[in-house]
Amino acid sequence: MHDKTSAAAFAIEAGHPHDLGATYDGQGTNFALFSSWADGVDLCLFSPDGKTEIARIPLPEYTNEIWHGYLPGVKPGQLYGYRVHGRFAPEEGHRFNAHKLLLDPYARDFAGELTWNPAHYGYEVDGGEDRDLGFSTLDSAPFMPKCVVTDIASETAPPPGPRVSWDRTVFYETHVRGFTKLHPAVPEAMRGTFDGLGEQAIVDYVKSLGVTSVELLPVHAFCDDHHLLEKGLSNYWGYNTIGFFAPKARYKGAAGLRSFRDMVRRFHDAGLEVILDVVYNHTAEGNELGPTLSFKGIDNFSYYRTMPEEARFYINDTGTGNTVNTSHPRVLQMVLDSLRYWVEVMEVDGFRFDLGTILGREPHGFDQRGGFFDAIGQDPVLRRVKLIGEPWDIGPGGYQVGGFPPGWAEWNDKYRDTIRGYWKGEEGIVRDLAARITGSGDVYDLRGRRPWATVNFVTAHDGFCLNDLVSYNEKHNDANGEDNKDGHGHNLSFNFGVEGPTDDEGVIAARERQKRNLLATLLLSHGTPMLLAGDELGHSHDGNNNVYCQDNPLSWINWDKLTDRDRALTGFVRRVAKLRADHPIFRRASFRDGCVLRWINPAGGEQQEEHWDDAGLRAIGLLLHMPDVESGGDEALILFNSFDGDVPFKLPPRVKAGRWSVVLDTETGPQSDEGRKGLEADDVLNLVPRSLIVLM
């Protein structure tokens with residue numbers, strides 16, 4: 001509803017173009033919106049319930065491609081949106097339609113959720129094959145969330161966060177909603193929110209695991225896809241951003257916008273960092289047939305990469321319908337302003353960039369000296385936080401593992417696939433295993449990059465969780481309603497002869513040992529380990545390796561159903577994490593730290609070059625010696641056996657004088673004895689099928 005008579009009650013002034021978004025100064029609010037192709041911009045103010053458009057006010061000034069105006073008396077809490085006038089010429093890349101209420105790209109908060117309706121589309125939805133060339137006059141305002149004027153940026157910030165050094169960093173990837181939705185220690189009203197995640201019981205548990213940095217799946221405002229809602233599903237993961245400054249409304253707690261920062265401070269008080277998974281590569285507006293919610297109606301030709309000869313269509317290097325155009329200086333500014341806001345105002349400690357290769361794309365292709373990387377590297381705020389790239393997209397030249405510039409860490413899928421393949425029992429993989437365990441120096445030991453540049457992981461939100469990796473040979477994604485065609489088919493999983501749950505004690509024991517093998521390998525490898533939340537608890541997705549749309553108990557961690565076996569696995573993770581934290585030899589800070597690496601064969605001798613290519617090689621030892629640490633020296637021997645049978649392993653002599661002692665064994669049966677001490681060189685230690693032992 002629009003009350004046109006009330007606009008005269010607002011005397012708008014020129015304002016300024018310097019700060020984009022809605023900026024409150026204590027007396028009123030400045031509104032500024034970038035659009036280089038618009039003919040005019042109307043600021044729309046709404047009643048507190050968001051249902052009535054109480055004023056539609058043209059922004060009076062246009063300076064350096066910024067439309068701006070100042071409204072005295074407009075205070076935090078005011079709801080607003082924009083209508084942007086201009087040419088509707090899709091074939092030229094322009095999709096202006098003032099009948100569509102648009103979200104401010106710089107809005108710090110949204111009120112309400114999107115309600116899907118034909119009015120969201122800039123064209124007539126029943127207009128045939130080329131319907132996006134038509135023009136819709138339906139008003140989308142009744143079905144849109146509204147932007148909210150805020151003043152949180154004016155508050156005094158506390159001291160810096162924990163600033164965990166990279167060599168001590170252990171990431172813990174989790175989900176705000178799924179981690180707390182069923183937790184008995186979290187009050188029911190707080191479950192699934194920032195308040196719930198900041199509860200002391202949650203913080204204490206995360207801290208107890210020995211991890212240092214909580215990595216949250218997307219919390220930026222996102223949309224639930226229309227086709228998912230029609231199937232009774234929703235966008236659980238959140239990779240469908242529509243607001244890069246605003247948190248998702250359903251995650252906010254009692255304190256509203258401040259609940260996010262309160263949560264961050266609770267983690268900081270415990271010495272834990274908070275990392276955000278961010279999606280600047282695409283938006284929820286999709287392709288030419290997608291809705292007009294914000295960027296598409298503000299300045300489509302600037303915000304998105306369009307086809308050079310057919311600007312009606314979008315370059316789709318993301319696989320989601322559109323690609324954000326970070327080559328445009330104002331779009332790049334928006335991304336950088338958003339990142340700084342989350343660091344300086346919301347106090348986060350770093351970012352993991354979804355499909356990060358996109359951000360390094362220029363018109364000629366991926367460029368690690370592109371505008372985005374150069375701007376980040378020179379930014380006095382952003383260059384000091386943790387930056388992690390997902391170094392791939394589906395566009396040409398999109399696989400860039402090792403291709404990001406110095407200062408960046410990267411998700412390393414080479415590590416994931418090699419470790420999975422080795423413990424599955426694949427042949428001819430041990431040479432690659434050696435490189436992955438020791439920091440992937442073949443990929444990262446250049447230009448002064450450090451071992452921490454490889455973010456090592458065995459599981460992540462995308463793909464099988466750990467329990468399912470050792471319990472299923474095939475994906476079982478029927479619940480997603482896509483005929484099991486979605487999700488990755490190359491999982492390198494192994495079910496030990498039974499697909500899914502079983503009562504067979506032998507199979508159960510083998511699976512539990514395999515979980516320990518994978519977790520111990522991950523935490524004792526050089527580089528930065530990342531654990532998937534729930535893996536340490538035996539959490540299962542029932543074989544679904546793509547739970548992006550499952551906001552239900554299939555994804556949520558069920559804390560009330562943990563078994564003694566699950567708790568034992570949690571205890572194992574704590575022990576290995578402590579071993580890593582206590583011994584720098586497992587978390588090298590540099591490839592040039594003097595650490596001695598020797599590969600040992602089961603006969604106790606050094607691995608020879610000709611042995612590496614033996615297709616049947618599956619058992620090997622790694623002897624590490626660090627001579628120059630404060631303790632005067634650190635030494636360890638890790639023995640790996642991915643055979644189906646026992647392997648007797650003759651122990652090599654220590655570099656320093658002394659004897660070996662077993663400190664970790666993934667065997668969970670009666671043979672397990674982590675108190676085996678006083679072992680001499682040439683003593684033989686038996687490795688049971690698929691097991692790992694650490695001696696120090």
Side-chain angles (χ1 to χ4, degrees), residues 34-39 81-103 105 114-141 143-144 222-230 235 239-244 279-328 330-331 334 354-355 358 361 363 393-396 398 482:
F34 157 72
S35 180
S36 62
W37 292 93
D39 295 331
Y82 290 114
R83 298 181 188 272
V84 180
H85 302 268
R87 288 188 301 143
F88 185 81
E91 67 282 357
E92 299 175 28
H94 302 304
R95 295 181 178 273
F96 295 105
N97 187 332
H99 297 283
K100 312 305 169 187
L101 185 75
L102 306 174
L103 299 173
L114 181 76
T115 301
W116 285 104
N117 187 276
H120 289 307
Y121 299 88
Y123 56 87
E124 297 288 349
V125 295
D126 57 355
E129 183 177 349
D130 294 326
R131 55 190 179 276
D132 68 297
L133 298 178
F135 186 77
S136 167
T137 58
L138 297 177
D139 183 8
S140 67
F143 315 103
M144 285 288 291
F222 60 87
C223 294
D224 287 308
D225 311 65
H226 191 195
H227 73 278
L228 291 177
L229 294 176
E230 288 181 325
N235 189 332
Y239 292 93
N240 205 17
T241 306
I242 196 59
F244 296 112
V279 190
Y280 294 104
N281 57 79
H282 73 280
T283 79
E285 292 186 304
N287 62 14
E288 71 277 4
L289 298 180
T292 298
L293 307 174
S294 179
F295 315 94
K296 186 178 288 188
I298 292 171
D299 192 339
N300 183 73
F301 196 61
S302 296
Y303 275 108
Y304 295 116
R305 297 187 187 276
T306 57
M307 298 296 289
E309 306 301 326
E310 297 180 284
R312 168 188 171 190
F313 302 107
Y314 298 86
I315 292 174
N316 187 22
D317 290 335
T318 64
T320 61
N322 64 56
T323 303
V324 172
N325 181 22
T326 50
S327 295
H328 191 289
R330 288 296 185 187
V331 180
M334 178 192 70
D354 178 66
L355 300 184
I358 290 292
R361 284 194 178 275
D393 63 36
I394 68 167
E482 300 176 42

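Being a predicted model, the structure only gives us computed values, none of them experimental.
Every residue two or more places apart in sequence or in another chain was checked for a side-chain contact (heavy atoms from CB on, under 4.5 Å) with I394, and none qualifies. Applying the side-chain hydrogen bond (donor to acceptor under 3.5 Å, both in side chains) test to D225 and every residue at least two apart in sequence or in another chain returns N235, N240. When the side-chain contact (heavy atoms from CB on, under 4.5 Å) test is applied to S36, the partners found at least two apart in sequence or on another chain are F34, E65, D299, S302. Evaluation of the side-chain hydrogen bond (donor to acceptor under 3.5 Å, both in side chains) rule for S136 yields K100 as partners, not counting sequence neighbours.
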- Item | R83 and L102: CA distance, side-chain angles, deciding distance, side-chain contact (heavy atoms from CB on, under 4.5 Å) verdict | CA-CA 6 Å; R83 298 181 188 272; L102 306 174; over 6 Å; no

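Ring planes of F96 and H94: parallel class, angle under 30° (limits at 30 and 60°).
To the nearest 0.5 Å, atom OG1 of residue T306 and atom CZ of residue F313 are 11.5 Å apart. For the atom pair NE2 (H328) and CZ (F301), the distance works out to 9.5 Å, reported to the nearest 0.5 Å. With values rounded to the nearest 0.5 angstrom, I358 atom CD1 is found 15.5 Å from Y280 atom OH. To the nearest 0.5 Å, the span separating SG on C223 from CG on L229 amounts to 10.0 Å.
Counting all heavy atoms, side chain and backbone alike, G321 lies closest to N316 at N-OD1, 2.8 Å. Minimum heavy-atom separation, L133 to P90: CD2-CB, 3.8 Å. A pairwise comparison of heavy atoms in I298 and S35 identifies O-OG, 2.6 Å as the closest pair. Contact between V324 and R305 at its shortest, heavy atoms only, is O-NE, 3.8 Å.
Checking side-chain atoms of H99 against main-chain N and O of A119 turns up no donor-acceptor pair under 3.5 Å. In this structure a side-chain-to-backbone donor-acceptor pair under 3.5 Å is present from N300 to G93. Side chain of W116 to main chain of D224: a donor-acceptor pair is present (N/O by atom type, distance under 3.5 Å, no hydrogens or angles).
Applying side-chain hydrogen bond (donor to acceptor under 3.5 Å, both in side chains) to T320 and the options T318, T323, N322 leaves one that passes, T318. Screening Y123, Y121, F88 for a ring-ring contact (aromatic ring centres under 6.0 Å, His included) with F135, the sole residue that qualifies is F88. Of the residues N117, L103, D139, T115, the one that meets the side-chain contact (heavy atoms from CB on, under 4.5 Å) test with M144 is L103.
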For residues 281-292, please give each side-chain donor-acceptor pair under 3.5 Å, one per line with the distance, not counting sequence neighbours.
unit_1 : atom_1 : unit_2 : atom_2 : d
N281   : ND2    : D354   : O      : 2.8
N281   : ND2    : D354   : OD2    : 3.0
H282   : NE2    : Y239   : O      : 3.2
T283   : OG1    : E285   : N      : 3.2
T283   : OG1    : Y304   : OH     : 2.6
E285   : OE1    : F295   : N      : 3.3
E285   : OE1    : K296   : N      : 2.7
E285   : OE1    : Y304   : OH     : 2.4
E285   : OE2    : L293   : N      : 2.8
E285   : OE2    : S294   : N      : 2.7
E285   : OE2    : K296   : N      : 3.3
N287   : OD1    : L289   : N      : 2.9

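Residue pairs meeting the salt bridge (Lys or Arg N to Asp or Glu O under 4.0 Å) criterion with at least one partner in residues 312-324, sequence neighbours excluded, are D130-R312, D132-R312, D317-R361.
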